[in-house]
K.L.:
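Sharing a structure, written as structure tokens. Questions coming.
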Amino acid sequence: MKVEKSLMVEAQDQNCYEYLIECTVGYGEYKAVQHMDKITLRSEFLHDVDCFAAYMKNELGLKRGDVYTVFMPTTVQSIVSFYALNKIGVIVNFVHPQLPPEVLKEAIEECNSKGVMILDLLSRNYVDVINESGLPCLVCSSSDYASPIKETACKAGEGLLKAIFPKINKRTAYRDAIRKYAPEPGLSGNADDIAVYLHGGGTTGKSKVIKLTSRAINELACRVSKLDKIEDPGEEAEVIVLPLFHCFGLCVGIHMAMCNAGRIIPMMQFDANIFTKLMRKNRVIAVVGIPVMFKKLMKHKHFDGPWLKNIRMMFCGGDDCSDQFLDDFNAVLEKNGAPGKLRQGYGLTEVGSVCTVNSNTKYKRGSIGWPLEGLRVEIWDDNNKKVPDGEVGEIVISGPTIMSGYYRPGAAENEGLYIDEEGTKWVKSGDLGYRDSDNYFYFAGRKKRVVIISGYNVYPIDIEKFIQDNFAEIKGCCLVKGYSPEGKILLRLFLSVKDGTNKEELEKKIVKTVGEHFSEFSVPREFKYLDTLPETPLMKIDFMLLTQNKPEDAVYGA
């Protein structure tokens with residue numbers, strides 16, 4: 001069924017569940033979700049959502065304002081849980097499913113969670129924590145949404161799991177939960193209720209818990225959808241490679257795509273080989289991801305091919321991409337006739353994931369794009385005043401997609417937000433950037449990553465991008481603050497290079513070339529080599545781990 005225009009409606013007072021219903025009811029029946037080769041139709045998906053909501057309400061006694069922890073990768077079950085819990089006003093506490101057990105314990109206790117949902121394949125190390133919590137645990141399995149052909153194999157593997165894993169107390173199988181109760185009415189018009197707790201990446205210390213309302217999530221989905229649309233509901237697909245605990249994955253990857261009637265194909269863990277197979281077998285028109293994912297795709301032998309002609313929407317966020325990589329990637333898309341290109345944007349969890357983005361019609365090389373419709377993005381100095389175009393300052397954002405503040409027991413209202421003299425709420429990103437005269441924005445680095453040498457501000461992100469663009473033998477790099485044996489501040493460059501690289505010659509070329517294009521203070525003075533650069537749980541380079549904050553601190557890898 002070809003559609004002339006998207007049926008996405010303007011976000012108003014709906015919760016996310018209501019918004020999904022309203023945006024898609026006009027499309028009728030279509031293929032909504034796909035697990036491996038098993039298709040779930042819209043009516044079937046919504047029936048599971050409704051039955052799951054009834055189970056949570058009647059069996060667990062969950063009510064509006066309660067918190068429930070989803071400790072899951074991206075699966076059909078985790079998507080069902082989001083909409084079901086949202087339907088009855090329960091806050092979903094999304095937690096990375098591979099973080100240490102003590103982090104899960106902290107996330108459960110801090111948010112006063114009333115239960116936890118986990119995948120059996122990942123449960124081995126968390127049994128004790130879940131049992132100690134005394135909370136009811138819903139256990140999901142790969143066979144829950146497997147086709148009849150693959151269900152037998154999945155259940156055989158689950159049988160082995162039951163024999164190996166200790167028993168989880170208060171355990172209920174997901175497949176039993178969605179069969180126990182009939183659908184019931186949910187809440188309505190509660191758009192300003194907190195919908196989710198999302199945990200920041202923690203790259204600057206202990207992660208913060210960010211509160212997002214249904215209204216903010218809906219507003220974000222509505223605005224991003226205006227950049228492009230699904231033209232063939234249920235047939236045009238999006239492979240979801242970002243997890244739901246990642247705001248970009250939840251708000252854009254899942255909610256925006258589902259409200260546009262796209263077919264969602266979730267991946268529990270990114271795998272370039274599986275991803276390319278899905279692209280060859282399905283009409284994949286959209287992908288949202290982070291740079292490391294696209295780099296792995298680019299290297300895969302089966303990525304380049306005629307199936308890329310379907311690509312219309314590709315968003316890259318979460319970290320910075322070099323201009324050269326974007327050029328190379330988009331050249332492959334163009335060669336295969338794709339109407340879209342890999343577009344870099346910018347955002348953070350505190351603003352619903354994305355606030356500026358390049359589109360197919362508004363695109364400038366090297367930029368992070370234009371602000372989304374209805375958002376105010378400005379560049380401020382340390383006195384909270386706008387700076388002239390071209391001047392570097394802090395990126396700040398205001399608009400209907402921003403968070404309601406940080407959560408912690410006893411936290412003040414609007415904690416983490418700056419409120420100006422006119423009463424406007426702003427998120428101060430902690431990131432540096434600038435705006436040009438055409439209203440395109442540019443990322444200049446993390447504010448905390450500015451290295452001050454002899455009073456001169458060095459922005460590592462600029463140096464890293466330059467090095468990546470100009471030295472093909474480098475697989476990855478990270479420029480950080482360090483100290484000489486005498487205690488003087490220096491720039492230390494961590495490198496991952498291709499086999500056979502002459503490191504001594506490479507270092508000489510980097511020093512010479514960087515010195516020719518930047519100030520003398522921007523030249524790396526020390527080099528360290530790693531097979532792979534360390535990453536955070538969100539697959540960003542962990543620059544904090546590599547940074548030597550004090551002279552007495554150990555150098556990573558030394």
K.L.:
Keeping Asn15 on the side-chain end and Tyr17 on the backbone end, is there a donor-acceptor pair under 3.5 Å?
P.N.:
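Side chain of Asn15 to backbone of Tyr17: a pair is present.
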K.L.:
Okay, side chain of Arg263, backbone of Tyr30: is any donor-acceptor separation there less than 3.5 Å?
P.N.:
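The answer is no, because no donor-acceptor pair under 3.5 Å joins these two groups.
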K.L.:
Give the minimum heavy-atom separation between Thr213 and Ser404, together with the two atoms involved.
P.N.:
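In this case the closest contact between Thr213 and Ser404 is CG2-OG, 3.2 Å.
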K.L.:
Is any side-chain heavy atom of Met314 less than 4.5 Å from a side-chain heavy atom of Phe294?
P.N.:
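Result yes, sub-4.5 Å side-chain heavy-atom pair found.
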K.L.:
If we only count heavy atoms from C-beta on, is the His96 to Val103 side-chain gap below 4.5 Å?
P.N.:
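No - every pair of side-chain heavy atoms lies 4.5 Å or more apart.
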K.L.:
Who passes ring-ring contact (aromatic ring centres under 6.0 Å, His included) against Trp426, sequence neighbours left out?
P.N.:
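Applying ring-ring contact (aromatic ring centres under 6.0 Å, His included) to Trp426 gives Trp380.
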K.L.:
Please tell me if the side chains of Val377 and Val396 come closer than 4.5 Å, counting only heavy atoms from C-beta onward.
P.N.:
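SC-SC contact between Val377 and Val396 ruled out.
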K.L.:
Using the side-chain hydrogen bond (donor to acceptor under 3.5 Å, both in side chains) criterion, which residues pair with Asp66? Sequence neighbours excluded.
P.N.:
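None.
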K.L.:
If every non-hydrogen atom of Asp50 is compared with every non-hydrogen atom of Pro183, which pair is closest and at what distance?
P.N.:
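Taking every non-hydrogen atom into account, CB-CB, 3.5 Å.
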K.L.:
Give a yes or no answer on whether the side chain of Asn218 reaches the backbone of Gln14 with a donor-acceptor pair at less than 3.5 Å.
P.N.:
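Side chain of Asn218 to backbone of Gln14, a donor-acceptor pair under 3.5 Å: yes, one is there.
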K.L.:
OG1/Thr356 to OH/Tyr442 distance, rounded to the nearest 0.5 angstrom?
P.N.:
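Spacing of OG1 (Thr356) from OH (Tyr442) equals 11.0 Å.
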K.L.:
With a 4.5 Å heavy-atom cut-off, do Glu29 and Arg42 have their side chains touching?
P.N.:
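A side-chain contact under 4.5 Å exists here.
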K.L.:
Does Met293 form a side chain to side chain contact (heavy atoms under 4.5 Å, CB included) with Val287? I'd like the steps, not just the answer.
P.N.:
CA-CA 10 Å; Met293 296 178 180; Val287 182; over 6 Å; no
K.L.:
Would you please classify the geometry between the Phe52 ring and the Tyr174 ring as parallel, tilted or perpendicular, with 30° and 60° separating the classes?
P.N.:
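Taking Phe52 first and then Tyr174, their aromatic rings sit tilted (interplane angle of 30° to 60°).
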K.L.:
May I ask you to decide if the ring planes of His255 and Tyr83 are parallel, tilted or perpendicular, using 30° and 60° as cut-offs?
P.N.:
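Because their plane-to-plane angle lies in the 30° to 60° range, the rings of His255 and Tyr83 count as tilted.
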K.L.:
Run the numbers on Asn336 and Val332 for side chain to side chain contact (heavy atoms under 4.5 Å, CB included), then give the verdict.
P.N.:
CA-CA 7 Å; Asn336 287 284; Val332 177; 3.9 Å; yes
K.L.:
Ser81 and Met72: side chain to side chain contact (heavy atoms under 4.5 Å, CB included), yes or no, with the steps?
P.N.:
CA-CA 10 Å; Ser81 73; Met72 293 274 295; over 6 Å; no
K.L.:
What pair of heavy atoms forms the shortest contact from Val284 to Asn310, and how long is it?
P.N.:
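Scanning both residues completely, I find the closest heavy atoms to be O-CB, 3.4 Å.
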K.L.:
With a 4.5 Å cut-off on side-chain heavy atoms, are Lys335 and Leu308 touching?
P.N.:
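A side-chain contact is absent here, since even the closest heavy-atom pair is not under 4.5 Å.
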K.L.:
In sequence, state the C-alpha distance, the side-chain angles, and the governing distance for Arg365 and Asp327, and then conclude on salt bridge (charged side-chain N to carboxylate O under 4.0 Å, His left out).
P.N.:
CA-CA 9 Å; Arg365 187 177 188 270; Asp327 290 345; 2.7 Å; yes
K.L.:
Any side chain to side chain donor-acceptor pair (under 3.5 Å) pairs touching residues 366-376, not counting sequence neighbours?
P.N.:
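Listed by first then second residue: Lys226-Glu373, Asn358-Ser367, Arg376-Glu378.
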K.L.:
Among side-chain atoms of Tyr406 and Glu350, is any donor-acceptor pair under 3.5 angstrom?
P.N.:
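Side-chain D/A pair, Tyr406 to Glu350: present.
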K.L.:
Counting C-beta onward and ignoring hydrogens, is there a side-chain heavy-atom pair between Gln344 and Phe443 closer than 4.5 Å?
P.N.:
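No - every pair of side-chain heavy atoms lies 4.5 Å or more apart.
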K.L.:
How close do Ala261 and Ile230 get, counting heavy atoms only, and between which atoms?
P.N.:
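Scanning both residues, the minimum pair turns out to be O-CG2, 4.0 Å.
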K.L.:
Within this structure, what is the CG-CG distance for the pair Leu220 and Leu212, rounded to the nearest 0.5 Å?
P.N.:
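Leu220 atom CG to Leu212 atom CG measures 8.5 Å (nearest 0.5 Å).
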K.L.:
Using the ring of Phe270 (Phe, Tyr or Trp, six-membered ring only), decide whether Lys296 places NZ or CZ under 6.0 Å from its centre and within 45 degrees of its axis.
P.N.:
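Output no; distance or angle outside limits.
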K.L.:
Tell me if a side-chain donor or acceptor on Glu394 pairs with a main-chain N or O of Gly430 at a distance below 3.5 Å.
P.N.:
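Looks like yes, one N/O pair under 3.5 Å.
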K.L.:
Examine distances only and state if a side-chain atom of Tyr68 and a backbone atom of Val116 form a donor-acceptor pair shorter than 3.5 Å.
P.N.:
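Such a contact is found between Tyr68 side chain and Val116 backbone.
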K.L.:
Measure from the side-chain N and O atoms of Thr69 to the backbone N and O of Ile108, and report whether any donor-acceptor pair falls under 3.5 Å.
P.N.:
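No; judged by distance alone, with no hydrogens or angles, the pair does not exist.
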K.L.:
Is it true that a side-chain atom of Ser359 and a backbone atom of Thr361 form a donor plus acceptor pair closer than 3.5 Å?
P.N.:
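It does hold such a pair.
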K.L.:
What distance separates Asn282 CG from Gln34 CD, expressed to the nearest 0.5 Å?
P.N.:
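Those atoms lie 4.5 Å apart.
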K.L.:
Residues in ring-ring contact (aromatic ring centres under 6.0 Å, His included) with His47, at least two apart?
P.N.:
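Here no residue qualifies.
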K.L.:
Quick one, Asp48 and Cys51 - any side-chain contact, counting heavy atoms below 4.5 Å?
P.N.:
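The answer is no; the side chains never approach within 4.5 Å.
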K.L.:
Can you confirm whether Glu334 is buried at CD, in the sense that more than 12 heavy atoms of other residues, nucleotides or ligands lie under 6.0 Å from that atom?
P.N.:
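Count not over threshold, so no.
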K.L.:
Looking only at atom types and distance, does a side-chain atom of Asp271 sit under 3.5 Å from a main-chain N or O of Asn273, one as donor and one as acceptor?
P.N.:
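Between the backbone of Asn273 and the side chain of Asp271 there is a qualifying donor-acceptor contact (under 3.5 Å).
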K.L.:
How long is the gap from CD1 on Ile217 to SG on Cys222, to the nearest 0.5 Å?
P.N.:
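Output value for this atom pair is 14.0 Å.
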K.L.:
Mind checking whether Phe45 and Tyr145 have ring centres under 6.0 Å apart?
P.N.:
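No, ring centres 6.0 Å or more apart.
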K.L.:
So do the side chains of Trp307 and Thr276 get within less than 4.5 Å of each other, counting heavy atoms only?
P.N.:
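The answer is no, as the side chains (C-beta and beyond) never meet within the 4.5 Å cut-off.
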K.L.:
Rounded at 0.5 Å granularity, tell me how far CD1 in Ile254 sits from SG in Cys16.
P.N.:
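If we round to the nearest 0.5 Å, Ile254:CD1 and Cys16:SG are 12.5 Å apart.
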K.L.:
Could you tell me whether a side-chain N or O of Ser322 sits under 3.5 Å from a main-chain N or O of Lys465, the two making a donor and an acceptor?
P.N.:
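Not at all, since once roles are kept as given, no pair shorter than 3.5 Å links the two residues.
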K.L.:
For Asn190 and Ser214, test the side chains for any donor-to-acceptor distance below 3.5 angstrom and give the result as yes or no.
P.N.:
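Asn190 vs Ser214: no donor-acceptor pair found between side chains.
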K.L.:
Give, for atom NZ of Lys87 and atom CE of Met56, the distance between the pair rounded to the nearest 0.5 Å.
P.N.:
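One gets 13.5 Å once the value is rounded to the nearest 0.5 Å.
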K.L.:
Go through the structure and list residues passing side-chain hydrogen bond (donor to acceptor under 3.5 Å, both in side chains) with Lys425, not counting sequence neighbours.
P.N.:
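Expected list: Asn414.
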K.L.:
Would Val76 and Lys38 satisfy side chain to side chain contact (heavy atoms under 4.5 Å, CB included), going step by step from the backbone distance to the final call?
P.N.:
CA-CA 11 Å; Val76 179; Lys38 174 66 164 62; over 6 Å; no
K.L.:
Which heavy-atom pair separates Thr74 from Pro243 by the least distance, and what is that distance?
P.N.:
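For Thr74 versus Pro243, the nearest heavy atoms are OG1-CA, 2.8 Å.
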K.L.:
So does Ile88 get a backbone contact from the side chain of Arg64, meaning a donor-acceptor N/O pair under 3.5 Å?
P.N.:
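A pair under 3.5 Å: no.
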K.L.:
Would you mind listing every salt bridge (Lys or Arg N to Asp or Glu O under 4.0 Å) that reaches into residues 431-442, with sequence neighbours excluded?
P.N.:
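Qualifying pairs: Lys364-Asp436, Lys364-Asp438, Asp389-Arg435, Asp431-Arg446.
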K.L.:
With a 6.0 Å cut-off on ring centres, are Tyr346 and Phe441 close enough?
P.N.:
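No, the ring centres sit 6.0 Å or more apart.
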